[in-house]
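Values reported hereafter were calculated over all heavy atoms of this structure, with side chains retained and with hydrogens, waters and symmetry mates removed. Lettering follows sequence order; numbering is per chain, from 1.
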Amino acid sequence: MRVYNTLTSRKEEFIPVEKDAVRIYACGVTVYDLCHIGHARSAIVFDVIRNYLKYRGYSVTYIRNFTDIDDKIIKRAQEEGLSWKEVAEKYTDEYYRDMDALGIKRADVEPRATEYIQDMIEIIKGLIEKGYAYEVDGDVFFEVKRFPEYGKLSKKPVDQLEAGARVEVDERKRSPLDFALWKSSKEGEPAWESPWGPGRPGWHIECSAMSLKHFGETFDIHGGGADLIFPHHENEIAQSEAYTGKPFVRYWLHNGFITISKEKMSKSLGNFFTIRDILREFDPEVVRTFLLGTHYRSPIEFSREQLRETEVSIDRFYSTLLRIDAYIQRMSRKERKIQEDERFRTRIEGFPERFEEAMDDDFNTALALGHMFELIKEINRYIDAKPSGERARQLLEEAVNRLREAGRVLNIFQRTPSEWHLSLLRTKNIPYSEEEILDRIRMRQKARTEKDWERADAIRDELREAGIVLEDTPQGTTWRVSVGETAEG
RNA sequence: GGCGGCGUACCCAAGUGGCUAAGGGAGAGGUCUGCAAAACCUUUAUUCGCCGGUUCGAAUCCGGCCGCCGCCUCCA
């Protein structure tokens, strides 16, 4: 496996500290507001990375933290008239609601910053003792100058940074680059006791403390959005390595942004869609697939049109499943060897290798998806060749199993066609229940048997109007929700 | 200003030295069908922003130019 390491700016062979175990820490969110799809992307990317490492046989421990105390939370608490804790709890719940809906599995450890205050204080004390940090009026700062490797992750020359540093500079800092490890609290602000008086931790120290506690001094993968490279991750490295004297992280992985009109989606620009907004319009599987259709380091331009197209391609998978079932039911039991058998078998057998090759190359989910859709095409092609007998049945089942197995890593292709369509009925607010649709189909079937084409077409048109498409097959009529067009209403 | 990234068909997107430049969507033609739908087949990049260079050979490496974006402040 090769992964792109931000630290070295190149793809490297992936070798974990322990041969068969991988430890991943991904930065989660600050719980002060609803998540937008940029947060979803990051969560999905690292969810998939975790899944794939497991698929590859590693025993994986995955940590994803919550920042549950910081300025934005305090501000939000004032606005909403709640305590900071209530704000944090509220938006942690909202986070789970959204991420669960997207099918993102929980991390193995989900630490909250405020549960590790003592650990942070220990590290800060250690950093002061070692001369890497200094206290001023109850605040503690990390002295960047004392850590010569500062800038190695973000490739920022320290002198340049200092020259360009913004003006809000705290006069008490020895250098504008120095960052807060501990902040004294003002009147009425949340506070914890510390050797430097009441206060709260700076943002960066929590990740150092929590990863050290659960993973020890050096672990394998640290991830997050590319906007965390500087200063957050740069600062984590400085604190952690200054404190332990050991390399902090082996592989730094960063996902790219979601853009709108080419600009980064962000709270401050106000150009964001919340996960909730999107899930009102699109099935979670569509959202996942859309986000995984581009390599994780590249930007993704948010586009409803592209989401629609993704919906069509997912539908293609479930339609194919439906077709397979119908075909097998009606297929002759007679063993008939056809030319297509060998070609199909070869495509099926080679699939896992192609999938793994793609994923082994820096988690190339876009290429992996390409292979999956290629196999779907092969399935349809095979059915068109009219195979029959036990061999055909086995090959078709094998192909589906392979697709589902690969799909498990991306957490797509895991439902039945029926589940998919019922979900679409809900998402698109279609005013028919499954029973009502089946009822119409029966009525239409009667008309068809009587060759009353006018009536049969009228029923079909009525459903079509509501977004339901009927398909007549030799095995009977099936229904599906029309995809690829904007939902009515 | 410093550092970094991107520019592949009508749209999205993979591909970073050599087999036919994946895959999805859209368009056109065909097979199938009562008509449809779906599916399949054929078709849509002799070419990868532009110009040079290296090489037997480049979308892929090097240089320049043009355009777009990100980080340098909280940010997934």
Side-chain angles (χ1 to χ4, degrees), chain A residues 6 9 11 26-30 32 35-46 70-72 151 154-157 159-161 163-168 203 223-232 234 254-259 261-269 272 289-290 293-295 297-301 303 305-316 319-320 322-323 327 354 358 361 364-377 379-385 448 451-454 456-457 460-461 464 469-474 477-480 482 484:
Chain A
T6 306
S9 308
K11 283 185 197 170
C27 285
V29 294
T30 300
Y32 76 105
C35 290
H36 59 61
I37 56 173
H39 300 108
R41 182 180 194 188
S42 193
I44 287 170
V45 162
F46 289 100
D70 100 327
D71 293 352
K72 290 194 292 290
S154 55
K155 315 290 182 298
K156 293 191 186 302
D159 45 345
Q160 281 296 340
L161 275 175
R166 307 287 169 106
V167 221
E168 45 74 41
W203 173 35
D227 46 4
L228 297 182
I229 295 171
F230 190 89
H232 185 53
E234 194 72 69
H254 294 97
N255 63 274
F257 304 125
I258 292 185
T259 59
S261 306
K262 297 269 192 177
E263 280 188 321
K264 179 187 170 187
M265 178 182 290
S266 73
K267 281 279 165 61
S268 43
L269 285 171
F272 60 91
T289 311
F290 168 68
T294 300
H295 185 91
R297 281 188 284 115
S298 304
I300 298 180
E301 173 72 10
S303 152
E305 197 183 320
Q306 290 301 322
L307 278 158
R308 283 290 160 225
E309 290 178 7
T310 306
E311 186 177 270
V312 173
S313 50
I314 297 288
D315 193 64
R316 190 172 153 79
S319 293
T320 301
L322 228 41
R323 187 174 184 220
Y327 184 80
R354 291 194 296 279
D361 184 13
N364 194 337
T365 54
L367 182 57
L369 277 169
H371 294 321
M372 291 165 86
F373 284 108
E374 207 168 18
L375 187 56
I376 292 171
K377 190 190 207 107
I379 291 171
N380 281 306
R381 193 180 280 180
Y382 184 63
I383 292 178
D384 278 358
R448 290 183 75 211
K451 295 222 188 307
D452 184 352
W453 304 126
E454 208 170 308
D457 289 352
R460 188 170 62 192
D461 290 346
R464 178 66 256 225
V469 181
L470 298 188
E471 292 178 10
D472 300 325
T473 76
T477 299
T478 61
W479 67 274
R480 61 182 182 83
S482 168

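Taking the 5.5 Å centre cut-off and the 30° plane limit, the aromatic side chain of A/Phe257 is not classed as stacked on B/rG70.
When all heavy atoms are compared, the tightest approach of A/Arg448 to A/Ala456 is CG-CB, 3.7 Å.
Contact of the A/Thr477 side chain with the A/Arg460 side chain is not registered, since no non-hydrogen atoms from C-beta on lie closer than 4.5 Å.
Put simply, the side chain of A/Arg381 and the base of B/rC41 share no donor and acceptor less than 3.5 Å apart. Between the side chain of A/Arg323 and the base of B/rA38, no donor-acceptor pair under 3.5 Å is found. Under 3.5 Å, the side chain of A/Asp457 and the base of B/rG34 form at least one donor-acceptor pair of N or O atoms. In the interface, the side chain of A/Glu374 is not paired with the base of B/rG23 through any donor and acceptor atom under 3.5 Å apart.
A salt bridge is defined here as a Lys NZ or Arg NE, NH1 or NH2 lying under 4.0 Å from an Asp or Glu carboxylate O, and A/Asp384 with A/Arg323 meets this definition.
Both A/Gly370 and A/Lys377 lie close to RNA chain B; mapped to their nearest nucleotides by heavy-atom distance, the more 5′-ward contact belongs to A/Gly370.
The partner of B/rC71 is B/rG2, judged by Watson-Crick or G-U wobble contacts that both fall below 3.5 Å. Pairing of B/rU31, defined by two Watson-Crick or G-U wobble distances under 3.5 Å, is identified with B/rA39.
B/rA59 and B/rA9 have their P atoms separated by 15 Å, given to the nearest Å. Distance check on atom P: B/rC32 versus B/rC12 gives 36 Å, rounded to whole Å.
At the heavy-atom level, A/Leu470 lies under 4.0 Å from base atoms of the strands shown.
The side chain of A/Arg316 places an N or O atom within less than 4.0 Å of a non-bridging phosphate oxygen (OP1 or OP2) of B/rG24. Note on A/Asn380: every side-chain N or O is 4.0 Å or more away from OP1 and OP2 of B/rA38.
In this structure, NZ of A/Lys262 is placed 13 Å from P of B/rC6, rounded to the nearest angstrom.
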